[in-house]
Trainee: 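Supplied in structure tokens, the structure appears directly below.
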Amino acid sequence: MFDYLIVGAGFAGCVLAERLAVGSNKRVLICEKRSHIGGNAYDCYDDDGLLIHRYGPHIFHTNSADIFDYLSRFTGWRPYEHRVLASVDGQLVPIPINLDTVNRLYGLTLTSFEIEAFFARVAEKIDHVRTSEDVVVSKVGRELYEKFFRGYTRKQWGLDPSELDASVTARVPTRTNRDDRYFTDTYQAMPLHGYTRMFERMLAHPNIKVMLNTDYREIVELIPWTDMIYTGPIDAFFDHIYGKLPYRSLEFRHQTMPESSVQAVGTVNFPNEHAYTRITEFKHLTGQEHARTSVVYEYPRPDGDPYYPVPRPENAAIYEKYRELANATPHVHFVGRLATYRYYNMDQVVAQALKLYAGLCANDAEGAPDARSIRHAIARDVGGDRVHREPGR
Ligand code: FAD
Ligand code: UDP
């Protein structure tokens, strides 16, 4: 008899399994339909012994000391600041757009002060910033928008930026200084021995049983459990009763090269050329020393494994219906990027999972004493989110 059946062994599932087993002495079965743990953050060694991320580049970054400390229980870290170049007009220039980007692209020598005036001159005035187009053109104008964002976004999402919520392109800031880091979070680091090793340590507890290669539907009626934590796509859980929620997919083409390095930075973006959006060379991320190198090309696809929720109003409306159904489903808790249909980074998923755990503890007389302080600290640092089924029996 299990206290919890956890569906999916990604960040959301592993954090909850660890907390419930270690923090609350619950018996947990974690069931994963893939052949490995880790969800989309899974990494492994390829045939040449190079550490790669099978589902595309995963760079850990957070402003939350609590999240970083929590994960530090299971891994050491390698400091790493991600840098990205975009191939535009025959040059490789920094993205996010910064002072050097504009100067190199236009052969200028603007200072930080002058570039503010430059942006003010080219920016379009938009009263209500609503879409992913609005966000960019209202900051850097139409020309830079077209060079850096329009083509990339159309390729990545199969939609024009004007059809996507502002939050999508708002992930990429604009800078007036020369900072060329992709992220500016306080904590930026990669798990020292990889994500998979970290997940293995999270799940290494006698109260946790892991079942791979198993869709939960194969066992849900066979194995007794009290509560379920579900981290898969929410529409699939309810048999798509309100229609399919769109999730964008990718095809990852991995390639090992004989050279020791092939590009200057971790990722090169291709907004306007090629069918792929970006190439990532893993050695920059992992710091691995090796005579050869391994890269991944990302080709956006409409169908396939669900990787990205698609943030736009009509999808939010469909999700809302599923969320209501989820709220009315006792003993099942929905958490994670697919189950709450949110374009979340890893740290946000960890925060959401810890928050759900704190809620479960609050409803449980045997709950862990540190739950409330974790919940408050995380809500402060990572930005609020709702966990969609607070336990209430
Ligand atoms: P997932 O990792 O998707 O885990 C859900 C698991 O549930 C999966 O393993 C799935 O197989 C399993 N499952 C689904 N249905 C069933 C079923 N019926 N039965 C059994 N198991 C099931 N975040 C960052 O912070 N930094 C990055 O650099 C970054 N890069 C990314 C790059 C790409 C290409 C992608 C796609 C995402 C990236 N992310 C990044 C986001 C990150 O992957 C997610 O935030 C995080 O992995 C989500 O964890 P999760 O547990 O919610 O979901
Ligand atoms: N984007 C873009 N050009 C770029 C980088 C990003 O148009 O060079 C847009 C695109 O819509 C992308 C979104 O900004 O999907 C978010 O970018 P991010 O790098 O955060 O995407 P992720 O790593 O989550 O795929």
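Only heavy atoms go into these numbers, but all of them, side chains included; no hydrogens, no water, no symmetry mates. Read the numbers this way: they start at 1 and go in the same order the structure lists the ligands and their atoms. Numbering of residues begins at 1 and proceeds along the displayed sequence.
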Trainee: Taking the six-membered ring for Trp, are Y322 and F334 closer than 6.0 Å centroid to centroid?
Mentor: no
Trainee: Side chains of T256 and D46: do they bring a donor and an acceptor to under 3.5 Å?
Mentor: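 Checked: T256/D46 side chains pair up, N/O donor to acceptor below 3.5 Å.
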Trainee: Using a 4.0 Å cutoff against the non-hydrogen atoms of Q156, which atoms of ligand 2 qualify?
Mentor: 15 (O)
Trainee: Please could you name the atoms of ligand 1 that G336 approaches to less than 4.0 Å, counting only its heavy atoms?
Mentor: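 Every atom of ligand 1 under 4.0 Å from some heavy atom of G336: 52 (O).
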Trainee: What I want to find out is whether E314 reaches R312 closely enough, with some N-O distance under 4.0 Å, to be called a salt bridge.
Mentor: yes
Trainee: Using distance alone, determine whether A12 and ligand 1 share an N or O pair under 3.5 Å.
Mentor: yes
Trainee: Report, in ascending order of atom number, the atoms of ligand 2 lying under 4.0 Å from any heavy atom of I95.
Mentor: 8 (O)
Trainee: Record the part of L164 in heavy-atom contact with ligand 2 below 4.0 Å; permitted values are side chain, backbone, both and neither.
Mentor: neither
Trainee: Side chain or backbone, does F252 bring an N or O within less than 3.5 Å of an N or O on ligand 1?
Mentor: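 No, no N or O pair falls under 3.5 Å.
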Trainee: Which heavy atom in P161 sits nearest to a heavy atom in T131, and how many Å separate them?
Mentor: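 The answer is O-CB, 3.7 Å.
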Trainee: Do S64 and Y70 get their side chains close enough for a donor-acceptor pair, meaning under 3.5 Å?
Mentor: no
Trainee: Name the option, out of H36, K33, E32, M190, that contains the heavy atom nearest to atom 9 (O) of ligand 1.
Mentor: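 Answer by nearest heavy atom: E32.
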Trainee: Using a 3.5 Å cut-off on N or O atoms only, is R278 in polar contact with ligand 1?
Mentor: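 Not met; the criterion fails.
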Trainee: Verify, without hydrogens or angle tests, whether N98 (side chain) and D179 (backbone) share a donor-acceptor contact under 3.5 angstrom.
Mentor: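 Indeed, once roles are kept as given, a pair shorter than 3.5 Å links the two residues.
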Trainee: Could you list the atoms of ligand 2 found under 4.0 angstrom from a heavy atom of V168?
Mentor: 11 (O), 13 (C), 14 (O), 16 (C)
Trainee: Could you tell me, atom by atom, which parts of ligand 1 come under 4.0 Å of a heavy atom of V349?
Mentor: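 Those qualifying, in numeric order: 45 (O), 48 (C), 49 (O), 52 (O).
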Trainee: Measuring from atom 32 (C) of ligand 1, which candidate in P57, G13, G56 has the nearest non-hydrogen atom?
Mentor: P57
Trainee: Would you call T214 a ligand 1 contact, heavy-atom distance under 4.0 Å?
Mentor: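 Yes, T214 has a heavy atom closer than 4.0 Å to ligand 1.
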Trainee: If I apply the N/O under 3.5 Å rule, does F149 come out as touching ligand 2?
Mentor: yes
Trainee: Please name the residue in the list R337, R34, R54 that meets the side chain to side chain donor-acceptor pair (under 3.5 Å) test with N40.
Mentor: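 Going through R337, R34, R54 one by one, the side chain to side chain donor-acceptor pair (under 3.5 Å) with N40 is satisfied by R34 alone.
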Trainee: Backbone or side chain, does any N or O of Y307 fall under 3.5 Å from an N or O of ligand 1?
Mentor: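 No, Y307 has no N/O under 3.5 Å of an N/O on ligand 1.
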Trainee: With respect to Y216, determine whether any N or O atom, backbone or side chain, lies less than 3.5 Å from an N or O atom of ligand 1.
Mentor: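 It does: an N or O of Y216 is found under 3.5 Å from an N or O of ligand 1.
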Trainee: Could you tell me, atom by atom, which parts of ligand 2 come under 4.0 Å of a heavy atom of T153?
Mentor: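 It comes down to these atoms of ligand 2: 7 (O), 9 (C), 10 (C), 11 (O).
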Trainee: May I ask you to list the atoms of ligand 2 that are less than 4.0 angstrom from any heavy atom of V172?
Mentor: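 Counting atoms of ligand 2 from 1, those under 4.0 Å from V172 are 6 (C), 14 (O), 17 (O).
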Trainee: Provide the number and element of each atom of ligand 2 under 4.0 Å from a heavy atom of Y182.
Mentor: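 Result: 5 (C), 17 (O), 18 (P), 19 (O).
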Trainee: Taking the ring centre of each residue, are H53 and F252 less than 6.0 Å apart?
Mentor: no
Trainee: Of the choices H58, H53, Q348, which has the non-hydrogen atom that lies closest to atom 42 (C) of ligand 1?
Mentor: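 The residue whose heavy atom sits nearest atom 42 (C) of ligand 1 is H58.
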Trainee: Show the atoms of ligand 1 that are less than 4.0 angstrom away from any heavy atom in L250.
Mentor: 34 (C)
Trainee: Of all the atoms in ligand 1, which lie at a distance below 4.0 Å from a heavy atom belonging to G232?
Mentor: 14 (C), 15 (N)
Trainee: Examine the side chains of H254 and S294 and answer whether a donor and an acceptor come within less than 3.5 Å of each other.
Mentor: no
Trainee: Going by the atom numbers of ligand 1, which of them fall below 4.0 Å from some non-hydrogen atom of Y55?
Mentor: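 Numbered from 1, ligand 1 contributes 33 (C), 34 (C).
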Trainee: Name the option, out of I6, D215, D305, L212, that contains the heavy atom nearest to atom 18 (N) of ligand 1.
Mentor: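 Nearest heavy atom to atom 18 (N) of ligand 1 lies in D215.
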Trainee: Identify the two heavy atoms, one from W157 and one from V310, that lie closest to each other, and give their separation to 0.1 Å.
Mentor: CZ3-CA, 4.0 Å
Trainee: Check if Y308 has a non-hydrogen atom at a distance under 4.0 Å from any atom of ligand 1.
Mentor: yes
Trainee: Among L29, N25, L20, D3, find the one that has a side chain to side chain contact (heavy atoms under 4.5 Å, CB included) with N207.
Mentor: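 Exactly one option meets the side chain to side chain contact (heavy atoms under 4.5 Å, CB included) with N207, and it is N25.
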Trainee: One pair to check against side-chain hydrogen bond (donor to acceptor under 3.5 Å, both in side chains): Y106 and E143. What are the steps and the verdict?
Mentor: CA-CA 12 Å; Y106 295 115; E143 187 166 304; 2.7 Å; yes
Trainee: Does any N or O atom in F60 lie less than 3.5 angstrom from one in ligand 1, N or O only?
Mentor: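 No, F60 has no N/O under 3.5 Å of an N/O on ligand 1.
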Trainee: May I ask you to list the atoms of ligand 1 that are less than 4.0 angstrom from any heavy atom of F11?
Mentor: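 Near F11, the atoms of ligand 1 are 49 (O), 51 (O).
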Trainee: Using a 4.0 Å heavy-atom threshold (strictly under), name the region of Y344 that reaches ligand 1: side chain, backbone, both or neither.
Mentor: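 The part of Y344 near ligand 1 is the backbone, not the side chain.
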Trainee: Could you tell me whether P271 and ligand 2 have an N or O pair separated by under 3.5 Å?
Mentor: no
Trainee: Before signing off on this row, confirm whether F183 and ligand 1 have an N or O atom pair separated by under 3.5 Å.
Mentor: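 For ligand 1, there is no N or O atom that lies under 3.5 Å from one belonging to F183.
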Trainee: Does only the side chain of F148 get under 4.0 Å from ligand 2, or the backbone, or both, or neither? Count heavy atoms.
Mentor: backbone
Trainee: Do D43 and T196 get their side chains close enough for a donor-acceptor pair, meaning under 3.5 Å?
Mentor: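 Result is yes, a qualifying pair exists.
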Trainee: Looking only at distances, can you tell me whether any N or O atom of R171, backbone or side chain, sits closer than 3.5 Å to an N or O atom of ligand 2?
Mentor: yes
Trainee: Could you check V15, D347, V349 and say which one makes a side chain to side chain contact (heavy atoms under 4.5 Å, CB included) with I67?
Mentor: D347
Trainee: Please confirm whether Y343 comes within less than 3.5 Å of ligand 2 when only nitrogen or oxygen atoms on both sides are compared.
Mentor: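 Yes: some nitrogen or oxygen of Y343 is under 3.5 Å from one in ligand 2.
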Trainee: How does R278 reach ligand 2, if at all, at less than 4.0 Å between non-hydrogen atoms: by side chain, backbone, both, or neither?
Mentor: side chain
Trainee: According to the interplanar angle, ranging from 0 to 90°, do the rings of Y42 and H36 count as parallel (below 30°), tilted (30 to 60°) or perpendicular (above 60°)?
Mentor: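 If you compare the ring of Y42 with that of H36, the planes turn out parallel.
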Trainee: Quick one: are the ring centres of F60 and H58 less than 6.0 Å apart?
Mentor: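 Ring-ring flag for F60/H58: false, centres at least 6.0 Å apart.
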Trainee: Is the distance between the ring centroids of F74 and F199 under 6.0 Å?
Mentor: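 So the answer is no for these two rings.
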Trainee: Return the closest protein heavy atom for atom 25 (O) of ligand 2 as residue, atom name and distance.
Mentor: Y308 OH, 2.5 Å
Trainee: Between R150 and ligand 2, does any nitrogen or oxygen pair lie at a separation below 3.5 Å?
Mentor: no
Trainee: Below 4.0 Å, non-hydrogen atoms only: which portion of N345 touches ligand 1? Side chain, backbone, both or neither.
Mentor: both
Trainee: Which of the atoms in ligand 1, numbered in the order shown and given with their element, are less than 4.0 Å from a heavy-atom of L338?
Mentor: 3 (O)
Trainee: Could you tell me whether the side chains of E324 and Y242 share a donor-acceptor contact shorter than 3.5 Å?
Mentor: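 Their side chains do not contain a donor-acceptor pair, so the 3.5 Å distance test is not met.
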Trainee: Should Y80 and H284 count as side-chain neighbours, where that means a heavy-atom distance under 4.5 Å?
Mentor: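 Heavy-atom side-chain distance check passes, below 4.5 Å.
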Trainee: Whether the side chain of T267 engages the backbone of V84 through a donor-acceptor N/O pair (distance < 3.5 Å, no angle test) should be reported.
Mentor: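 No: the side chain of T267 does not pair with the backbone of V84.
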Trainee: Could you check atom 4 (C) of ligand 2 against the protein and tell me its nearest heavy-atom contact, residue, atom and distance included?
Mentor: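 Result: N269 ND2, 3.6 Å.
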